[in-house]
A.B. asks: 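The structure's right below; bear with me while I get my questions together.
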Amino acid sequence: MTAGQSKRSSAVEAVVNVAIGLMVSMAANAVVFPLYGFQPSLADNVGITLIYTAISLVCSYYLRRAFNWFGFGRQARKPS
């Protein structure tokens, strides 16, 4: 049976995933916030997005590690 994803690979995947999410979130905030009457400055938008990005990065990494610990994502052995 092969091992799950390494801690380094988990971290790299989490960072890439969250970086893409950061860009999408910035664009979404610029559109959605004004629809609800909130007109944040660019600095406020960046600050809000960075807070949620940090939370997402930590959650993504530990969720990936938990899945690996429980054995999800491991390839089953092929019968000989």
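We use all heavy atoms of the structure for the numbers below, so side chains are in, but hydrogens, waters and symmetry mates are not. For clarity, every value in this text was computed on a predicted model and none was experimentally measured.
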A.B. asks: If a pair satisfies salt bridge (Lys or Arg N to Asp or Glu O under 4.0 Å) and one of its residues is in residues 21-38, list it, with sequence neighbours excluded.
C.D. replies: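 Every candidate salt bridge (Lys or Arg N to Asp or Glu O under 4.0 Å) pair involving residues 21-38 fails, so no pair, neighbours aside, qualifies.
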
A.B. asks: Identify whether Leu22 and Val46 are in the same connected component of the hydrophobic contact network (ILVMFWY, side-chain heavy atoms under 4.5 Å).
C.D. replies: yes

A.B. asks: Apart from Leu35 itself, what residues make up its hydrophobic cluster when side-chain heavy atoms of I, L, V, M, F, W and Y under 4.5 Å apart count as a link, directly or indirectly?
C.D. replies: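 When side chains under 4.5 Å apart are linked, the cluster holding Leu35 also contains Val32, Tyr36.
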
A.B. asks: Can you list the other members of the hydrophobic cluster that holds Val58, where links are side-chain heavy atoms under 4.5 angstrom apart?
C.D. replies: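 Joined to Val58, directly or through intermediates: Tyr61, Tyr62.
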
A.B. asks: Using ring pair (Phe, Tyr, Trp, His ring centres under 6.0 Å) as the criterion, list what pairs up with Phe38, not counting sequence neighbours.
C.D. replies: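 So Phe38 forms a ring pair (Phe, Tyr, Trp, His ring centres under 6.0 Å) with Phe33.
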
A.B. asks: Work out which heavy atom in Gln39 is nearest to a heavy atom in Pro34; give both atom names and the distance.
C.D. replies: NE2-CB, 3.5 Å

A.B. asks: Check side chain to side chain donor-acceptor pair (under 3.5 Å) between Asp44 and all other residues, then give those that pass, not counting sequence neighbours.
C.D. replies: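 For Asp44, the residues satisfying side chain to side chain donor-acceptor pair (under 3.5 Å) (neighbours in sequence not counted) are Ser41.
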
A.B. asks: With a 4.5 Å cut-off on side-chain heavy-atom distances among I, L, V, M, F, W and Y, is there a chain of contacts connecting Ile48 to Leu42?
C.D. replies: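 No; Leu42 is not reachable from Ile48 via cluster members.
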
A.B. asks: Quick one: side chains of residues 49-56, donor-acceptor pairs under 3.5 Å with protein atoms, not counting sequence neighbours, listed by atom name and distance.
C.D. replies:
residue	atom	partner	partner atom	Å
Thr49	OG1	Asn29	ND2	2.9
Thr49	OG1	Asn45	O	2.8
Thr49	OG1	Asn45	OD1	3.3
Thr53	OG1	Thr49	O	2.7

A.B. asks: Donor-acceptor pairs under 3.5 Å, side chain of residues 11-18 to any protein atom, not counting sequence neighbours: which ones?
C.D. replies:
residue	atom	partner	partner atom	Å
Glu13	OE1	Gln5	NE2	2.9
Glu13	OE1	Arg64	NH2	3.4
Glu13	OE2	Arg64	NH2	2.5

